[in-house]
Asks: 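The structure that follows is given in the form of structure tokens.
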Amino acid sequence: MQYEGIDNIKTEIENYLITDAETLEQFRIQYLGTKNVLKDLFTAIKDIPNENKKEYGQKINAVKQLAEEKFALLQLQFQNNKADKKHFVDTTLPVAIKNQGAKHPITLIREELVTIFSKIGYLVAEGPEIETDWYNFTALGIPEDHPAKDMQDTFYIQTNPDIVLRTHTSNVQIRVMENQNPPIRIIAPGRTYRNETISARAHCVFHQIELLYIDEGVSMADLKQTLLYLAQELFGTETQIRLRPSYFPFTEPSAELDVSCFICGGSGCAVCKYTGWVEIGGAGMVDPLVLENCKIDSEKYTGFAFGMGLERMAMLKYRINDIRLMSENDFRFLKQFENS
Ligand code: DAH
């Protein structure tokens, strides 16, 4: 009760509009004069329980100090401005914040995914965007002349030895496994690059999120349950998942993850192209060779990995039909996320 009184007076002081000598004097009388409103609060100290006295006293002192500072500052400003009374500006007033800005849809999706996975014990990991051939390709089972390497149209910063702009966040898998002993549970969001022609569907700069779980006895069932958890957290508890066999050089077996269409619930619509399913990422059991490349005993440990594109996720979730909107900084686009 008493505390509320103090807070109210504090807000009153902060918002007290002083425009001239007269209002400044009124302010002084009210908060610093011989019969000022803070006096009652000081008198009330004797009724406050002992254990709260200190905190209470500090609070009123802080409010008193606020009033003193505001008064001193405005008095000085007023003296300096005497010649120009009309243009007196109270610089202590709180600023009314306009156009505060909004989170970018990629940020919203990234934060949502990090929250979902931190609830089940995953930690955020990072890796460099400028990467050596080893971390981006070779350690992941993509050898020099493997066709999978031309699957990825890569930006080379330097050749021989090759240094590239990472084509996926899978490099973080290697960097983490090299430096940590299992159990490993990480989520790695980040920016990725591919030498793509820019269109409504593809961009040469985009974002991915990588998941990696390594421990004793991790199985495909764990992967499936984790992906079901992800799908239901993202799109609601009715959501179903489907794993389609696929191929990635760093996982065996590999799968593509589909979720039941969160727009039509599976009956067929334009978003799922009338199939009832929407593809959201790639996954699989980490290939034992990849574990060995990171000096992890593949007889003892197994694990799974998962990767997905954030732009694609944001486009599905917010029904955005052109990926270029994500990087054009058009206010009309960005403003739509203000209250998300
Ligand atoms: N790195 C793959 C890509 O960019 C995505 C991916 C697939 C990541 C399977 C994974 C995975 O971790 O297990 O297309």
Side-chain angles (χ1 to χ4, degrees), residues 109-110 112-127 135-142 148 166-190 192 207-235 239-260 277-310 312-313:
I109 293 284
R110 189 196 65 221
E112 191 175 359
L113 289 167
V114 167
T115 305
I116 288 172
F117 282 105
S118 46
K119 282 198 241 169
I120 54 170
Y122 283 74
L123 295 177
V124 174
E126 283 183 357
Y135 291 101
N136 195 77
F137 296 121
T138 308
L140 286 158
I142 313 171
R166 68 173 172 195
T167 58
H168 49 188
T169 42
S170 303
N171 67 325
V172 185
Q173 290 189 30
I174 307 299
R175 290 196 169 265
V176 169
M177 284 193 282
E178 261 187 6
N179 286 306
Q180 286 177 36
N181 295 320
I184 292 170
R185 253 190 241 101
I186 58 108
I187 176 169
T192 48
H207 298 77
Q208 288 190 337
I209 206 153
E210 195 82 11
L211 208 68
L212 179 69
Y213 176 32
I214 311 284
D215 203 351
E216 286 180 53
V218 177
S219 73
M220 194 84 185
D222 298 311
L223 170 60
K224 219 176 155 184
Q225 190 59 37
T226 305
L227 295 177
L228 180 64
Y229 164 75
L230 164 67
Q232 297 192 339
E233 288 281 307
L234 268 179
F235 300 115
T239 313
Q240 292 300 308
I241 62 162
R242 160 174 105 168
L243 291 177
R244 268 181 300 113
S246 184
Y247 173 76
F248 298 102
F250 33 90
T251 45
E252 183 58 38
S254 304
E256 218 87 53
L257 170 67
D258 292 347
V259 297
S260 55
W277 296 94
V278 181
E279 184 187 319
I280 68 165
M285 299 305 293
V286 176
D287 193 304
L289 289 175
V290 175
L291 296 174
E292 295 298 334
N293 281 339
C294 305
K295 315 248 170 346
I296 290 179
D297 182 353
S298 64
E299 296 286 325
K300 187 167 177 202
Y301 295 107
T302 51
F304 64 68
F306 168 67
M308 68 192 243
L310 295 190
R312 180 172 162 72
M313 216 47 249

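Values in this document were obtained by computation on a predicted structure and should not be read as measured data.
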Asks: Could I get the full list of salt bridge (Lys or Arg N to Asp or Glu O under 4.0 Å) partners for Arg175, not counting sequence neighbours?
Replies: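 Glu131.
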Asks: Can you tell if the side chain of Phe248 reaches within under 4.5 Å of the side chain of Glu256, non-hydrogen atoms only?
Replies: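 Phe248 vs Glu256: side chains touch.
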Asks: Nearest 0.5 Å, what's the CG-CG distance between Leu140 and Leu289?
Replies: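 The CG atom of Leu289 is 11.5 Å from CG of Leu140, to the nearest 0.5 Å.
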Asks: Gln208 vs Thr192, test: side chain to side chain donor-acceptor pair (under 3.5 Å). Steps then yes/no.
Replies: CA-CA 7 Å; Gln208 288 190 337; Thr192 48; 4.8 Å; no
Asks: Which heavy-atom pair separates Trp277 from Ile241 by the least distance, and what is that distance?
Replies: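 Residues Trp277 and Ile241, closest heavy atoms: CZ3-C, 3.7 Å.
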Asks: Nearest 0.5 angstrom please: Cys294 SG to Asn181 CG, how far?
Replies: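 Taking SG in Cys294 and CG in Asn181, the distance rounds to 12.0 Å.
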Asks: Taking only residues two or more places apart in sequence or in another chain, which ones pass side chain to side chain contact (heavy atoms under 4.5 Å, CB included) with Gln232?
Replies: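 Here the qualifying residues are Leu228, Thr239, Gln240.
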Asks: Tell me, do Leu310 and Leu113 make a side-chain contact under 4.5 Å, heavy atoms counted?
Replies: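 Side-chain contact under 4.5 Å: yes.
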Asks: Hey, are the side chains of Leu227 and Tyr229 touching, using non-hydrogen atoms and a 4.5 Å cut-off?
Replies: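 No, side chains not in contact.
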Asks: Less than 4.5 Å apart, any side-chain heavy atom of Met177 and any of Ile214?
Replies: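 SC-SC contact between Met177 and Ile214 confirmed.
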Asks: Show your working on side chain to side chain contact (heavy atoms under 4.5 Å, CB included) between Lys300 and Glu216 and close with a plain yes or no.
Replies: CA-CA 6 Å; Lys300 187 167 177 202; Glu216 286 180 53; 3.4 Å; yes
Asks: What residues, two or more places apart in sequence or in another chain, satisfy side chain to side chain contact (heavy atoms under 4.5 Å, CB included) together with Pro189?
Replies: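 Partners of Pro189 under the side chain to side chain contact (heavy atoms under 4.5 Å, CB included) test: Arg110, Val114, Val124, Ile209.
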Asks: When you measure from the side chain of Thr251 to the backbone of Asp287, do you find a donor-acceptor pair of N or O atoms at a distance under 3.5 Å?
Replies: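 Answer holds: no.
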Asks: Quick one: CG on Leu243 to CE on Met220, what's the gap to the nearest 0.5 Å?
Replies: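 One finds 5.5 Å between CG of Leu243 and CE of Met220.
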Asks: Where do Gly127 and Val172 come nearest, in terms of heavy atoms and distance?
Replies: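 Shortest heavy-atom separation between Gly127 and Val172 comes out as N-CG2, 3.8 Å.
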Asks: Among all residues two or more places apart in sequence or in another chain, which pass the salt bridge (Lys or Arg N to Asp or Glu O under 4.0 Å) test with Arg244?
Replies: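 For Arg244, the residues satisfying salt bridge (Lys or Arg N to Asp or Glu O under 4.0 Å) (neighbours in sequence not counted) are Asp258, Glu279.
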Asks: Testing the basics here: between Pro249 and Gly141, what is the closest heavy-atom pair and its distance to 0.1 Å?
Replies: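 Taking Pro249 first and Gly141 second, the nearest heavy atoms are CB-O, 3.6 Å.
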Asks: Nearest 0.5 Å, please: how far is CG in Leu230 from CG in Leu211?
Replies: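 Those atoms lie 8.0 Å apart.
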Asks: Where do Tyr135 and Gln173 land on the side chain to side chain donor-acceptor pair (under 3.5 Å) test, with the steps shown first?
Replies: CA-CA 9 Å; Tyr135 291 101; Gln173 290 189 30; over 6 Å; no
Asks: Between Glu292 and Ser298, do the side chains contain an N or O donor and an N or O acceptor separated by less than 3.5 Å?
Replies: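 Side-chain D/A pair, Glu292 to Ser298: present.
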Asks: Return the orientation label for the Phe137 and His168 ring planes: parallel under 30°, perpendicular over 60°, tilted otherwise.
Replies: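 Tilted.
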Asks: For Arg166 and Gly190, work out which heavy atoms get closest and say how close.
Replies: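 The answer is NH2-CA, 3.4 Å.
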Asks: Are side-chain heavy atoms of Ile296 and Pro182 found at a separation under 4.5 Å?
Replies: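 Contact flag for Ile296/Pro182 side chains = yes.
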Asks: Nearest heavy-atom pair of Ala231 and Val259: which atoms, and what distance?
Replies: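 Heavy atoms only, the tightest pair is CB-CG1, 3.7 Å.
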Asks: Between Glu210 and Asn171, is there a side-chain heavy-atom distance shorter than 4.5 Å?
Replies: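 Sidechains of Glu210 and Asn171: no contact.
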Asks: What distance separates Leu291 CG from Ile174 CD1, expressed to the nearest 0.5 Å?
Replies: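 Leu291 CG to Ile174 CD1: 8.5 Å, rounded to 0.5 Å.
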Asks: Are the side chain of Thr302 and the backbone of Val218 linked by a donor-acceptor contact shorter than 3.5 Å?
Replies: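 Checking the backbone N and O of Val218 against the side chain of Thr302, a donor-acceptor pair under 3.5 Å is found.
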Asks: If you measure only the distance, is there a donor-acceptor pair under 3.5 Å linking the side chains of Tyr247 and Glu252?
Replies: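 No, because no side-chain N or O of Tyr247 sits under 3.5 Å from a partner of the opposite role on Glu252.
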Asks: Strictly distance-based, threshold 3.5 Å: is any side-chain N or O of Asp222 a donor or acceptor partner for the main-chain N or O of Ser219?
Replies: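 Flag set: sc Asp222 to bb Ser219 pair under 3.5 Å.
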Asks: Got a second to check how far Met285's CE is from Phe304's CZ, nearest 0.5 Å?
Replies: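 Interatomic distance, Met285 CE to Phe304 CZ, rounded to 0.5 Å: 7.5 Å.
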Asks: Mind checking whether Tyr122 and Tyr213 have side chains closer than 4.5 Å, heavy atoms only?
Replies: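 A side-chain contact exists here, since the closest heavy-atom pair is under 4.5 Å.
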Asks: Quick one: side-chain hydrogen bond (donor to acceptor under 3.5 Å, both in side chains) partners of Ser118, sequence neighbours excluded?
Replies: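 Counting only residues at least two positions away or on another chain, Ser118 forms no side-chain hydrogen bond (donor to acceptor under 3.5 Å, both in side chains).
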Asks: Return the set of residues passing salt bridge (Lys or Arg N to Asp or Glu O under 4.0 Å) with Lys119 (not counting sequence neighbours), or none when no residue passes.
Replies: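 In terms of salt bridge (Lys or Arg N to Asp or Glu O under 4.0 Å), with neighbours along the sequence ignored, Lys119 is linked to Glu233.
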Asks: Apply side chain to side chain contact (heavy atoms under 4.5 Å, CB included) to residues Ile187 and Leu123 and explain how you reach the verdict.
Replies: CA-CA 6 Å; Ile187 176 169; Leu123 295 177; over 6 Å; no
